[in-house]
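Just below is one structure, and these are the notes that go with it.
These numbers come from a predicted model, not from an experiment. Side chains are part of it too, since the values below use all heavy atoms of this structure and drop only hydrogens, waters and symmetry mates. Note that ligands are numbered from 1 as they come in the structure, with each ligand's atoms numbered from 1 the same way.
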Amino acid sequence: MSTSFRWVEQARSGRARAGHLHTAHGTVPTPTFMPVGTVGTVKAMTMDAVRSTGAGIVLGNTYHLMLRPGAERVRALGGLHRFMDWPGPILTDSGGFQVMSLGPLRKLDQDGVTFSSHIDGSKHRLTPERSTDIQHALDATITMCFDECPALPAAPEVIAQSMRMSMRWAARCREAFVQRPGYAQYGIIQGGTEPELRAESVRALTGIGFEGYAIGGLAVGEGQELMFSTLDATTPLIPWDSPRYLMGVGTPDDLLGSVERGVDMFDCVMPTRAGRTARAYTERGTLNLRNARHAVDSRPISPHCDCLACTRHSRAYLHHLFRANEILGPMLLTWHNLAYYQRLMRGIRSAIVEGSLEAHAAWLRAQWAMEDW
Ligand SMILES: Nc1nc2cc3nc(NCCc4ccc(CCO)cc4)[nH]c3cc2c(=O)[nH]1
Ligand SMILES: [Zn+2]
C-alpha cells in the first residue's frame with residue numbers, strides 16, 4: 001500500500017466532497033471532525049472511548065505540549081502517538097493562535113513571538129522553525145504552519161500586513177519541514193474576511209506548495225454569515241485534490257454549511273467543553289442537563305444514539321451526576337457529544353456519496369429547529 005499522503009475523492013455534490021485522507025497512520029474518511037486533544041488527551045475520554053465514537057484523527061497543540069510535558073520528553077518517549085496511545089493520525093496546531101489567546105505577556109515581532117507560560121510564567125519563544133521542529137519532535141502526522149491569526153474586526157491594511165507576515169512564515173515553515181511519506185504540512189490561509197486578501201493568501205501558499213490547506217483567521221467572532229461568505233471566496237481557489245481544514249469550527253450548523261462550501265476537516269472544543277458543562281448535543285439542538293426538567297426524565301439523551309450514555313442511562317441519571325458534581329457526568333456526556341458529532345459527519349458523508357446531500361441538509365436543519373422530544 002502506498003503510504004504517500006493524499007486525499008482521494010469518492011463523490012461530490014456541488015462544492016461538497018466525500019473522500020479518503022490517506023496518511024502514514026491510517027486512512028480517514030472525509031468530511032471528518034477531529035476531537036480536540038490539546039495536552040495529549042481528549043478531556044474526560046480514554047482513547048478507546050474516542051475510537052468507539054468513530055473518530056479517525058485527533059488534534060494536539062504545540063503550545064500546550066511544549067510547555068508541558070515538553071516536546072523533547074515526548075520525542076524521547078516515542079512521540080505523541082505512543083505517548084497518548086492513539087495509533088491513528090494526529091494533527092497538531094502550530095501554537096500561534098494559542099499564544100495570542102492564552103499566553104499572558106506575549107510580544108510579537110517579524111521573526112516570531114515571545115511569551116510567558118500560562119502555567120508557570122517561564123519565558124518561551126516560538127518561530128516558524130521552532131514550531132515546525134516541535135511538531136516533528138511530537139511526530140505529528142499533519143504539521144500546521146506557524147501563523148498569526150489577527151483579532152477581528154480589523155482594518156483591511158492591518159489584516160493585509162498580518163497575512164503577508166504569515167505567508168513569509170509559511171515559506172520558512174516549509175523550509176524547516178522534514179518531508180516523510182504519509183506525513184503532511186498544511187499551509188494556513190489568512191486574510192480576514194477580505195476576499196482579495198484571501199485570494200492573495202491562497203496564491204502565496206499554493207505557490208510554496210503544501211499537502212493540504214487550512215482556512216485560518218475565522219471562528220474568531222466574525223459570525224456565521226461572514227464565515228460562510230469568506231469560505232465562498234476562498235475554497236474555490238484551493239486545488240480540488242487538496243484537503244481543506246477549517247480551524248476551530250464549529251457548531252453542527254457550521255459544519256453542515258462549511259461542508260457545503262468545500263471543507264473536508266474540522267476541529268472544535270464545543271462538543272468536549274459542552275460535555276463538561278452539562279450541555280448535550282442532540283438531533284434537535286442542545287439540552288442543559290442541569291435543568292430541573294430533566295430530573296425525572298427516564299428517556300435517553302437521544303433515541304438515535306448508540307453511545308454508553310444513551311444505551312445504559314437516562315437524562316435523569318445525567319442530571320443527577322452533574323448536580324452531584326460526579327466525574328462520571330462529564331465522562332458520559334463528552335462521550336455522547338463526540339458520538340453525536342461523528343454521527344452527524346457520517347450522515348453528511350453518506351448523503352454526499354448517495355447524491356442526497358440537499359435533502360439531508362434540509363432534513364437536518366428542520367430537525368434542529370424542532371422542540372426537544
Ligand atoms: N494556527 C491557527 N490556529 C487557529 C485556531 C483557531 N481556532 C479558532 N476558533 C476556535 C474558537 C472557539 C473557542 C472556544 C469555543 C468554545 C466556546 O464554548 C469554541 C470556538 N479559530 C482559529 C484560527 C486559527 C488560525 O488562524 N491559525
Ligand atoms: Zn448518546
Subject >> Metal-centred angle, SG of C305 through the Zn ion (ligand 2) to SG of C310, rounded to 10 degrees >> reply: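 About 110°, to the nearest ten degrees.
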Do [X] and [Y] have ring centres separated by under 6.0 Å?
{"X": "Y183", "Y": "H25", "value": "yes"}
{"X": "Y186", "Y": "F210", "value": "no"}
{"X": "Y63", "Y": "H118", "value": "yes"}

Subject >> E354 atom CD, neighbour heavy-atom count above 12 within 6.0 Å >> reply: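 Counting other residues, nucleotides and ligands, CD of E354 exceeds 12 neighbours.
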Subject >> 4.5 Å side-chain heavy-atom contact, Y340 and E283 >> reply: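 They are in contact (side-chain heavy atoms under 4.5 Å apart), so the answer is yes.
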Original post:
With a 4.5 Å limit on heavy-atom distance, are the side chains of S258 and M227 in contact?
Top reply: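 Of all side-chain heavy-atom pairs linking M227 with S258, at least one is under 4.5 Å.
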Original post:
What does the list of residues with a heavy atom under 4.0 Å from ligand 1 look like, ordered by chain and number?
Top reply: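 Within 4.0 Å of ligand 1, the protein residues are D93, S94, F97, D147, C149, I188, Q190, G216, G217, L218, A219, M247, G248, V269, M270, R273.
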**OP:** Under the side-chain contact (heavy atoms from CB on, under 4.5 Å) rule, what do T206 and I238 come out as? Steps first, then yes or no, please.
**Re:** CA-CA 8 Å; T206 50; I238 303 169; 5.7 Å; no
Original post:
What N/O/S atom of H336 gets nearest to the Zn ion (ligand 2)?
Top reply: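 The nearest such atom is ND1.
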